[in-house]
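Scroll down for the structure; my scribbles are underneath it.
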Amino acid sequence: MTETPGSMGLIVVGAAGRMGQSLIRTIAEIDGVHLAGAVERPGSEALGRDAGELAGLGPDGILITDDALPVFAQAEGVLDFTAPAATLEFADLAAQARIVHVIGTTGMDASHEPRLHSASRHARIVKSGNMSLGVNLLSVLVRQAARALEASNWDIEVLEMHHRHKVDAPSGTALLLGEAAAGGRGIDLADHSVRVRDGHTGAREPGTIGFATLRGGSVVGEHSVILAGEGETIELSHKATDRSIFARGAVRAALWARHQKPGYYSMLDVLGLTDY
Ligand SMILES: NC(=O)C1=CN([C@@H]2O[C@H](COP(=O)(O)OP(=O)(O)OC[C@H]3O[C@@H](n4cnc5c(N)ncnc54)[C@H](OP(=O)(O)O)[C@@H]3O)[C@@H](O)[C@H]2O)C=CC1
Ligand SMILES: O=C(O)C1=N[C@H](C(=O)O)C[C@H](O)C1
């Protein structure tokens, strides 16, 4: 969409990446937003190229730069699907510019949280391991199922598969679903998760939440939460077949956060799913 009065100017960081290009295409399709900047890491071959052209659209006059600060100063929001170290730096810049920071980057851990919380005193951060409507609704269902089924009789396992290029495991979505299951049971995921099994592991410890990771081909993202009882199993699953579901969610989050106070929000806040 071209810039119209009141339209929200969005920056895409990691503009040459798989999600970066999907975001640029999605911004062009949605009313009320326009691409205000495109950022890549220093040394990237994409620097100086036209962002629209790189994403398979016509030229849009937005040249990809590694100089983020002046771009942040002239936009209302940044969509960030990059890497943990980069996201921490972008959080500082978004706080300085007092804009919306939508964080889709996964592979972040508890040690990164204080810096994000501190940035959220000035920025409006929306962070989620999965920006799709489907996965966030699934997380609500997982929480309810985990609450309803006793831990002593029902084991919970989270299975995920992604494309061969993915660098972090378990996926951000798998961890989000694990958190939902742990929340339903009223336990802390960090104290109950089993993220790897290899060799003579011994029998399954009751009450744990297991994770299994598959990687291969071009799979966009598939997740199942398996609740296994005596003589029956329940599977709650989601399959992503197109990255635009994440990009549309990210734009929706930015438009929502535009009207919020500085703070640290999740996609459940954006989608109105916190009360289920
Ligand atoms: N929350 C969600 O809904 C979703 C989250 N993701 C997550 O988003 C992230 C990106 O995924 P994907 O697009 O597949 O990965 P890609 O590797 O294709 O894209 C990441 C891009 O970020 C760039 N980048 C790295 N560091 C910087 C920096 N300092 N400044 C600017 N750009 C930088 C990379 O450049 P270079 O390659 O040159 O290093 C690359 O172009 C992952 O963490 C993934 O798990 C993905 C889909 C959905
Ligand atoms: O790296 C990806 O591709 C994806 N990452 C996110 C994750 O880690 O869960 C979301 C989606 O599954 C695709």
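All ligand and atom numbering here is 1-based and tracks the order in the structure.
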Taking only non-hydrogen atoms of [X], do any sit less than 4.0 angstrom from ligand 2?
{"X": "Val135", "value": "no"}
{"X": "Ala240", "value": "no"}
{"X": "His163", "value": "yes"}
{"X": "His223", "value": "yes"}

Treating [X] as the side-chain partner and [Y] as the backbone partner, does any N or O pair qualify as donor plus acceptor under 3.5 Å?
{"X": "Ser193", "Y": "Arg195", "value": "no"}
{"X": "Thr208", "Y": "Gly210", "value": "no"}
{"X": "Asp269", "Y": "Ser266", "value": "yes"}
{"X": "Arg124", "Y": "Arg258", "value": "yes"}
{"X": "Thr105", "Y": "Thr82", "value": "yes"}
{"X": "Arg143", "Y": "Leu138", "value": "no"}
{"X": "Arg25", "Y": "Ala55", "value": "yes"}

Return yes when at least one protein heavy atom is under 4.0 Å from atom 37 (O) of ligand 1, and no when none is.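 No, because not a single protein heavy atom sits under 4.0 Å from atom 37 (O) of ligand 1.
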Atom pair [atom1]/[atom2] of [X] and [Y] - distance to nearest 0.5 Å:
{"X": "Ile64", "Y": "Glu53", "atom1": "CD1", "atom2": "CD", "result": "10.0 Å"}
{"X": "Leu88", "Y": "His112", "atom1": "CG", "atom2": "NE2", "result": "5.0 Å"}
{"X": "Thr106", "Y": "Asp168", "atom1": "OG1", "atom2": "CG", "result": "3.5 Å"}
{"X": "Ser244", "Y": "Met19", "atom1": "OG", "atom2": "CE", "result": "8.5 Å"}
{"X": "Asn136", "Y": "Leu176", "atom1": "CG", "atom2": "CG", "result": "6.0 Å"}

Suppose we measure from [atom] to each protein heavy atom; which comes out shortest, and what is that distance?
{"atom": "atom 4 (C) of ligand 1", "result": "Phe81 CE2, 3.4 Å"}
{"atom": "atom 7 (C) of ligand 1", "result": "Gly104 O, 3.5 Å"}
{"atom": "atom 1 (O) of ligand 2", "result": "Lys166 NZ, 2.9 Å"}
{"atom": "atom 3 (O) of ligand 1", "result": "Met131 N, 2.8 Å"}
{"atom": "atom 41 (O) of ligand 1", "result": "Glu40 OE2, 2.6 Å"}
{"atom": "atom 18 (O) of ligand 1", "result": "Arg18 N, 2.9 Å"}
{"atom": "atom 9 (O) of ligand 2", "result": "Thr173 OG1, 2.5 Å"}
{"atom": "atom 22 (O) of ligand 1", "result": "Gly14 CA, 3.4 Å"}
{"atom": "atom 13 (O) of ligand 1", "result": "Met19 N, 2.8 Å"}
{"atom": "atom 6 (C) of ligand 2", "result": "Gly129 O, 3.6 Å"}
{"atom": "atom 30 (N) of ligand 1", "result": "Phe90 CZ, 3.4 Å"}
{"atom": "atom 12 (O) of ligand 2", "result": "His162 NE2, 2.6 Å"}
{"atom": "atom 7 (C) of ligand 2", "result": "Gly172 N, 3.4 Å"}

Residue [X] vicinity, atoms of ligand 1 by number, heavy atom under 4.0 Å:
{"X": "Ala86", "value": "26 (N), 27 (C), 28 (C), 29 (N)"}
{"X": "Phe246", "value": "3 (O), 47 (C), 48 (C)"}
{"X": "Thr106", "value": "42 (C), 43 (O), 44 (C), 45 (O)"}

Going by the closest heavy atom to atom 39 (O) of ligand 1, which one wins out of Arg41, His165, Arg243?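 When every heavy atom of Arg41, His165, Arg243 is considered, Arg41 comes closest to atom 39 (O) of ligand 1.
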If Ile, Leu, Val, Met, Phe, Trp and Tyr residues are connected whenever their side-chain heavy atoms lie under 4.5 Å apart, and connections chain through other members, are Ile27 and Leu63 in the same group?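 Not linked; separate clusters.
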Does [X] have a heavy atom less than 4.0 Å from any atom of ligand 1?
{"X": "Lys166", "value": "yes"}
{"X": "Gly129", "value": "yes"}
{"X": "Ser44", "value": "no"}

Where ligand 2 meets Ser171 - atom numbers and elements under 4.0 angstrom, heavy-atom basis: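 What qualifies from ligand 2 is 7 (C), 8 (O), 9 (O).
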Only heavy atoms of Val220, strictly under 4.0 Å: list the atoms of ligand 2 that pass.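 Counting from 1, the qualifying ligand atoms are 3 (O), 13 (C).
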Is a salt bridge present between Lys127 and Glu113, judged by a nitrogen-to-oxygen distance below 4.0 Å?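 Yes.
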Do Ser111 and Asp109 have side-chain atoms, one donor and one acceptor, less than 3.5 Å apart?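 Their side chains do contain a donor-acceptor pair, which is all the 3.5 Å distance test asks for.
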Please classify the Ala68 to ligand 1 contact at 4.0 Å (heavy-atom distances, strictly less than): side chain, backbone, both or neither.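 No part of Ala68 is near ligand 1 at this cut-off.
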Counting only heavy atoms closer than 4.0 Å, does ligand 1 sit against the backbone of Val13, its side chain, both, or neither?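 Contact part for Val13 vs ligand 1: neither.
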Can an N or O of Ser132 be found at a distance shorter than 3.5 Å from an N or O of ligand 1?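 No - when backbone and side-chain N and O of Ser132 are compared with those of ligand 1, no distance drops under 3.5 Å.
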With respect to Arg243, determine whether any N or O atom, backbone or side chain, lies less than 3.5 Å from an N or O atom of ligand 2.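 Among all N and O atoms of Arg243, none is under 3.5 Å from an N or O of ligand 2.
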More than 12 non-hydrogen atoms from neighbouring residues, nucleotides or ligands closer than 6.0 Å to CD on Gln144, yes or no?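 Counting neighbours around CD of Gln144, more than 12 heavy atoms of other residues, nucleotides or ligands fall under 6.0 Å, so yes.
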Quick check: closest heavy atoms across Ala95 and Ala119, and the distance to 0.1 Å?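 So the minimum-distance heavy-atom pair works out to CB-O, 3.5 Å.
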Do you know which of Arg215, His238, His223 makes side-chain hydrogen bond (donor to acceptor under 3.5 Å, both in side chains) with Glu160?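 Considering Arg215, His238, His223, a side-chain hydrogen bond (donor to acceptor under 3.5 Å, both in side chains) with Glu160 is found only for Arg215.
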